[in-house]
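Proteins come first, then strands; the chains are lettered A, B, ... in the order of their sequence lines, and each starts at number 1. The basis for the numbers below is simple: all heavy atoms, side chains too, and nothing from hydrogens, waters or symmetry mates.
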2 protein chains.
Amino acid sequence: MSGEFEERAGGLRERKKQRTRWALIDTALDLFLAKGYEATTIDEIVAAVDVSQRTFFRYFAGKEDVALSFLAEYDQILITVLAERPPAEPPIVALRAALHVSLGAVQDSDEEHTARFRKLRRLIDGTPPLAAGQLRRFFETEQKLATIMARRMGAGLADMRPYLLVASFLTVVRVAFDGCARDEVIDPAAVVLRVEELVALAIETLPGAWSAG
Amino acid sequence: MSGEFEERAGGLRERKKQRTRWALIDTALDLFLAKGYEATTIDEIVAAVDVSQRTFFRYFAGKEDVALSFLAEYDQILITVLAERPPAEPPIVALRAALHVSLGAVQDSDEEHTARFRKLRRLIDGTPPLAAGQLRRFFETEQKLATIMARRMGAGLADMRPYLLVASFLTVVRVAFDGCARDEVIDPAAVVLRVEELVALAIETLPGAWSAG
DNA sequence: GAAGTTATGACAGTCGCTGACAAATGACAA
DNA sequence: TTGTCATTTGTCAGCGACTGTCATAACTTC
């Protein structure tokens with residue numbers, strides 16, 4: 001399911017919008033890969049899709065956004081699932097479960113969507129603005145997850161422990177993605193595997209590494 | 001010592017350069033605080049300092065950089081000190097020691113520099129581009145520290161544990177800064193205290209939080 | 001004080017991005 | 001089908017960040 005959005009055909013208008021949206025995304029990704037991110041202009045993208053530049057900026061917040069926006073879906077899954085986890089569950093277990101569902105959605109993507117993941121992954125390495133953008137997305141998700149976690153843990157506003165836990169958890173996930181980039185692991189299934197492996201490694205080694213202080 | 005750079009007067013030329021540099025930084029910070037970051041144009045900054053726009057971009061990589069660049073000094077301290085710590089020391093102890101030195105440099109700043117910290121701190125909250133920029137700086141420092149840590153720990157390239165430790169450590173520091181921002185703690189001394197407190201809290205609680213998985 | 005190096009200014013241009021208004025297009029009811 | 005309405009799109013004009021180029025000015029060195 002490359003997106004539960006264009007499936008629910010809300011009408012011709014909505015369908016058309018989704019079509020341009022994905023056309024812009026795919027064209028942008030291809031151009032970015034072919035000529036480089038910075039060397040590609042918005043004008044080239046919109047010319048290829050045959051829409052006006054103004055329309056581009058009605059769909060996306062900026063050049064960076066056209067490449068990264070479709071990842072937001074998975075952040076949302078993470079947030080939603082964590083919020084619905086049983087409150088009695090240990091925090092780290094709940095986080096891991098939410099991550100598992102989110103990564104599962106990545107793995108269940110159709111061919112088209114998998115191709116986008118691959119392209120984006122190859123693209124982000126060696127494109128600092130995109131790497132920075134992804135970093136920002138992680139941070140935004142962290143804020144939302146931390147709020148949910150604080151409620152789960154019944155923590156007061158001054159209690160930093162939920163923030164600490166969520167932030168360090170997402171950091172592990174991010175490090176896993178970075179590692180995949182470094183080792184040129186681009187297949188979504190392989191990436192997913194590696195993320196969960198690193199979370200397991202973190203659970204195994206982090207307590208010891210931190211408690212030596 | 002607001003910077004070990006302008007102290008070592010390398011000649012008239014060098015002194016003049018440092019003077020314009022700080023003039024640009026201070027003017028920018030003041031304007032950003034007065035009118036807002038986005039509402040302030042580079043033209044306004046350079047007009048106030050009476051240099052050309054072109055000169056501005058010879059000193060700084062961009063609008064964001066003029067506000068954040070002077071923090072780089074402290075990242076550098078962190079890196080240098082970690083590299084010089086005795087290899088036998090437990091990793092977390094070495095990180096903590098390096099952090100202590102870096103934060104010590106912040107506390108030992110002169111009045112002028114302390115004022116800059118305050119301004120920047122007030123500025124970053126509610127200015128997403130600057131917050132994102134700081135996030136990026138953290139990430140860059142993380143990469144460098146991780147490399148040093150990998151060498152310290154005698155870890156191979158595939159071993160992610162040094163990355164994991166450094167990244168989670170810097171995340172704790174970052175969360176501490178965020179907490180200061182949220183609670184409007186702007187005094188450098190208070191910020192420093194809070195960061196070290198949160199690191200202590202993390203050492204106390206993170207192992208337990210992570211090992212429950 | 002002359003020669004050489006380096007910083008600065010002026011100018012022109014590209015590109016990302018936005019506001020405003022008019023034209024086109026799909027939605028819906030008569 | 002047709003007319004009305006809401007929404008989307010294109011056009012245009014403009015701002016501001018940022019860069020390359022080249023001449024000029026400033027410091028440095030001998």
Mind checking side chain to side chain donor-acceptor pair (under 3.5 Å) for [X] and listing every partner two or more places apart, or none if nothing turns up?
| X | value |
| --- | --- |
| A:Arg152 | none |
| B:Arg137 | B:Asp75 |
| B:Asp65 | none |
| B:Glu140 | none |

Open item on the list: Check this for me: does the side-chain of A:Arg15 come within 3.5 Å of the base of C:dG26 through a donor and an acceptor?
Closed with: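 Not at all, since no donor on one side and acceptor on the other fall under 3.5 Å apart.
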Open item on the list: Once ring pair (Phe, Tyr, Trp, His ring centres under 6.0 Å) is applied, do any residues pair with A:Tyr163, and if so which ones, sequence neighbours excluded?
Closed with: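 With neighbours one apart ignored, the set is empty.
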Open item on the list: Checking A:Phe117 now: which residues fulfil ring pair (Phe, Tyr, Trp, His ring centres under 6.0 Å) with it, not counting sequence neighbours?
Closed with: A:Phe70, A:Tyr74, A:His113
Could you tell me how far apart [X] ([atom1]) and [N] ([atom2]) are, to the nearest whole angstrom?
| X | N | atom1 | atom2 | result |
| --- | --- | --- | --- | --- |
| B:Glu44 | D:dA17 | CD | C1' | 13 Å |
| A:Arg54 | C:dT18 | CZ | P | 7 Å |
| A:Gln18 | D:dT7 | CD | C1' | 15 Å |
| B:Phe60 | D:dA17 | CZ | C1' | 16 Å |
| B:Leu130 | D:dA17 | CG | P | 13 Å |
| B:Phe56 | D:dT19 | CZ | P | 11 Å |
| A:Arg19 | C:dT25 | CZ | C1' | 14 Å |
| A:Lys17 | D:dA6 | NZ | P | 17 Å |

Open item on the list: Please list all pairs meeting ring-ring contact (aromatic ring centres under 6.0 Å, His included) that have one or both residues in residues 119-139 of chain B, counting only residues at least two apart or in different chains.
Closed with: none
Open item on the list: Mind checking if B:Tyr59 touches a base, just sugar-phosphate, or nothing, with heavy atoms under 4.0 Å?
Closed with: sugar-phosphate
Task: Closest to the A:Arg58 side chain, choosing from D:dT21, C:dC21, C:dT18 - done: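 Closest of the options to the side chain of A:Arg58: C:dC21.
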- [ ] Report yes if the side chains of B:Phe169 and B:Val172 come closer than 4.5 Å at any heavy-atom pair, otherwise no.
- [x] no
Task: Phosphate OP1/OP2 of C:dG9 contacted by B:Thr55 side-chain N/O (<4.0 Å) - done: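 So the side chain of B:Thr55 is within the cut-off, an N or O lying under 4.0 Å from OP1 or OP2 of C:dG9.
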TODO: Decide yes or no on side chain to side chain donor-acceptor pair (under 3.5 Å) for A:Thr55 and A:Ser52, but give the supporting numbers first.
DONE: CA-CA 5 Å; A:Thr55 295; A:Ser52 73; 3.1 Å; yes
Any protein N or O atoms within reach of nucleotides 13-16 of chain C? Criterion: under 3.5 Å, listing atom names and distances.
residue: C:dG16; atom: OP1; partner: A:Thr40; partner atom: O; Å: 3.4
residue: C:dG16; atom: OP1; partner: A:Lys63; partner atom: NZ; Å: 3.1
residue: C:dG16; atom: OP2; partner: A:Ile42; partner atom: N; Å: 3.2

Can you tabulate the close N/O pairs, meaning under 3.5 Å, that link protein atoms to atoms of nucleotides 27-30 of chain D?
residue: D:dC27; atom: OP1; partner: B:Lys16; partner atom: NZ; Å: 2.8
residue: D:dC27; atom: O3'; partner: B:Arg13; partner atom: N; Å: 3.3
residue: D:dC27; atom: O2; partner: B:Arg13; partner atom: NH2; Å: 3.2
residue: D:dT28; atom: OP1; partner: B:Leu12; partner atom: N; Å: 3.0
residue: D:dT28; atom: OP1; partner: B:Arg13; partner atom: N; Å: 3.1

- [ ] With sequence neighbours left out, write down each residue that passes salt bridge (Lys or Arg N to Asp or Glu O under 4.0 Å) with B:Arg21, or none if nothing qualifies.
- [x]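 With neighbours one apart ignored, the set is empty.
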- [ ] Identify all stems in which DNA chain C takes part, counting only runs of at least 3 consecutive pairs (Watson-Crick or G-U wobble, each distance under 3.5 Å), and give each as one range with another, ordered by first number.
- [x] C:1-30 with D:1-30
Which atom pairs, one a donor and one an acceptor, fall under 3.5 Å between side chains of residues 175-188 of chain A and the rest of the protein, sequence neighbours left out?
residue: A:Arg182; atom: NH1; partner: B:Leu157; partner atom: O; Å: 3.3
residue: A:Arg182; atom: NH2; partner: B:Leu157; partner atom: O; Å: 3.0
residue: A:Asp183; atom: OD2; partner: A:Arg194; partner atom: NH1; Å: 3.1
residue: A:Asp183; atom: OD2; partner: A:Arg194; partner atom: NH2; Å: 2.6
residue: A:Asp187; atom: OD1; partner: A:Arg118; partner atom: NH1; Å: 2.9
residue: A:Asp187; atom: OD2; partner: A:Ala189; partner atom: N; Å: 3.4

TODO: Before accepting this row, confirm whether a basic side-chain N of the pair B:Glu14/B:Arg19 lies closer than 4.0 Å to the acidic partner's carboxylate O.
DONE: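 Not counted as a salt bridge, because no side-chain N and carboxylate O are separated by less than 4.0 Å.
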